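One structure is given below, encoded as structure tokens.
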Amino acid sequence: MAASHEPLLRIVKRGESPFKLKIFVRLISVLLALVVDALFIYFVTGLNPFSVYTTMFQGTFSTAMRFSWAMRDLASLLLIGIALAPAFKMRFWNIGAEGQVLMGALATAAVMVYYGGKLPAPLLYTAMLVAAVFAGALWGYVPAWFKSRLGTNETLFTLMMNYVAIQIVACCVNIWRGQASGLGKLNMKTKAGWFPQFFGQRYNINLLVVVLLVVLMYCYLRYSKQGYEIAVVGESENTARYAGINVGKVIIRTMILSGALCGLTGFLIVGGRDQTISTGTAGGNGFTAIIVAWLAKFNTFYMALISFLLIFLEKGAGEIASAYNLNDFASDIIAGIILFFILGSEFFINYKPIFRRSRHETITKEVG
């Protein structure tokens, strides 16, 4: 009789999944995504799926220049993911990375506009860096203070601050450039504040900084005392307080760090990549990086792989749209299906389905 009351399907949370299982589940998810994509490509667009996959691959790897562009975009996305990692591990849902990056970029641009050509290059770069980091840290500090003192909802608070940042940037851009929605290249004649060439490209400095921060953030979260406090607060604030940890201090300190790294991203984008500022400078990476940080479980080395995958899908979708004259929606669906299956694989890594045993199996087990 007991078996009749057992549900047909139960979902049970796994313990820590073995590394081999994680790899296996993700590989299966990618293969299934490719099969579904092939069906969509063939029956909806009438194209050869293998040709489309080849074209997608070429979006990143066909030339050295395209690969370098992918690395350039990866640097910005990955750095924002690194910035979000400590806040998310603390279970502080920082949805304001977009605004924090914009404020860092705006501070960098302001220094370039008002002090470009007036300060020696080393001092100008230092001022740009300090201004960007301070602006991003301030934009992270405000919601952290309200959360720690008044218990506000950090998700809504940080999300709303994105829109405040966008309006501030739009206002400053209009002041600097009349009523234009964006600026041209800053200091075009003097190139004051532009990063120097490094192995042929200015944005290679961005890559160097990001590689360094991947290692530093991994060590900070895994081996430092502050990283341990972040983990304890993330598991349970009550447990943290019982252990003598000042939760409010940890929240503020961690969000200052998260905002400062987002501000640093704005500095690298303006000085090393775009040399301009607009409301679209962050490019939506502040939201995409949430996927990066969450899928990687805050492991910065995994973040690098996931960031590369997302950039690869983005470049591939663009190449498909261009090569086959498809609209952006069709090409984005092809990339989105792959991402959907990868996201879905996390369910099977963290949970396992258990089906109800048949009555015959139940009786056999009881008899045995």
Side-chain angles (χ1 to χ4, degrees), residues 73-74 76-107 132-170 213 217 221 230-231 233-235 237 247-248 250-269 278-300 302-303 306-307 310-311 314 336 339-340 342-343 346:
D73 295 342
L74 179 144
S76 300
L77 177 60
L78 177 55
L79 183 50
I80 300 174
I82 292 170
L84 290 177
F88 275 33
K89 188 168 185 178
M90 188 178 61
R91 296 298 191 267
F92 186 104
W93 309 121
N94 179 15
I95 315 299
E98 193 86 358
Q100 292 153 23
V101 171
L102 278 177
M103 294 307 293
L106 178 65
V133 169
F134 177 80
L138 176 64
W139 224 243
Y141 168 79
V142 173
W145 188 90
F146 277 91
K147 170 71 174 181
S148 63
R149 297 299 177 87
L150 303 176
T152 56
N153 185 304
E154 71 275 13
T155 303
L156 292 176
F157 206 120
T158 53
L159 181 63
M160 292 300 104
M161 289 191 71
N162 288 333
Y163 297 100
V164 176
I166 288 172
Q167 295 307 313
I168 292 175
V169 170
L213 285 173
M217 182 57 74
L221 292 177
I230 288 171
V233 171
E235 288 295 326
E237 290 188 9
V247 174
V250 173
I251 290 174
I252 291 175
R253 181 185 68 206
T254 304
M255 273 303 294
I256 287 176
L257 173 63
S258 183
L261 289 176
C262 286
L264 174 63
T265 306
F267 165 68
L268 295 176
I269 289 173
S278 73
T279 55
T281 290
N285 283 334
F287 300 109
T288 308
I290 295 172
I291 299 174
V292 172
W294 193 253
L295 279 180
K297 297 293 188 291
F298 323 123
N299 183 311
T300 54
Y302 290 160
M303 284 184 198
I306 294 168
S307 297
L310 294 179
I311 294 298
E314 178 188 340
L339 180 59
F340 176 80
I342 293 173
L343 290 171
E346 292 300 305

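Remember, predicted model here, so these are calculated numbers, not experimental data.
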What's the shortest heavy-atom distance between A105 and T281, and which atoms? CB-CG2, 4.0 Å
Quick one: closest heavy-atom pair of R91 and G234, and the distance? CG-O, 3.2 Å
Using a 4.5 Å cut-off on heavy atoms from C-beta on, say whether the side chain of [Y] contacts that of [X].
{"X": "N162", "Y": "F287", "value": "yes"}
{"X": "V164", "Y": "W139", "value": "yes"}
{"X": "T279", "Y": "L102", "value": "no"}
{"X": "F92", "Y": "I251", "value": "yes"}
{"X": "I80", "Y": "T288", "value": "no"}
{"X": "L84", "Y": "M303", "value": "no"}
{"X": "L221", "Y": "P86", "value": "yes"}
{"X": "M90", "Y": "R253", "value": "no"}

Answer yes or no: is there a donor N or O on one side and an acceptor on the other, between the side chain of S148 and the main chain of W145, under 3.5 Å? yes
Test item: E98 side-chain N/O and G284 main-chain N/O as donor-acceptor pair under 3.5 Å: yes
Once rounded to the nearest 0.5 Å, what's the spacing between atom CG of N285 and atom CD1 of I269? 7.0 Å
Can you tell me if CZ on F134 sees more than 12 non-hydrogen neighbours from other groups inside 6.0 Å? no
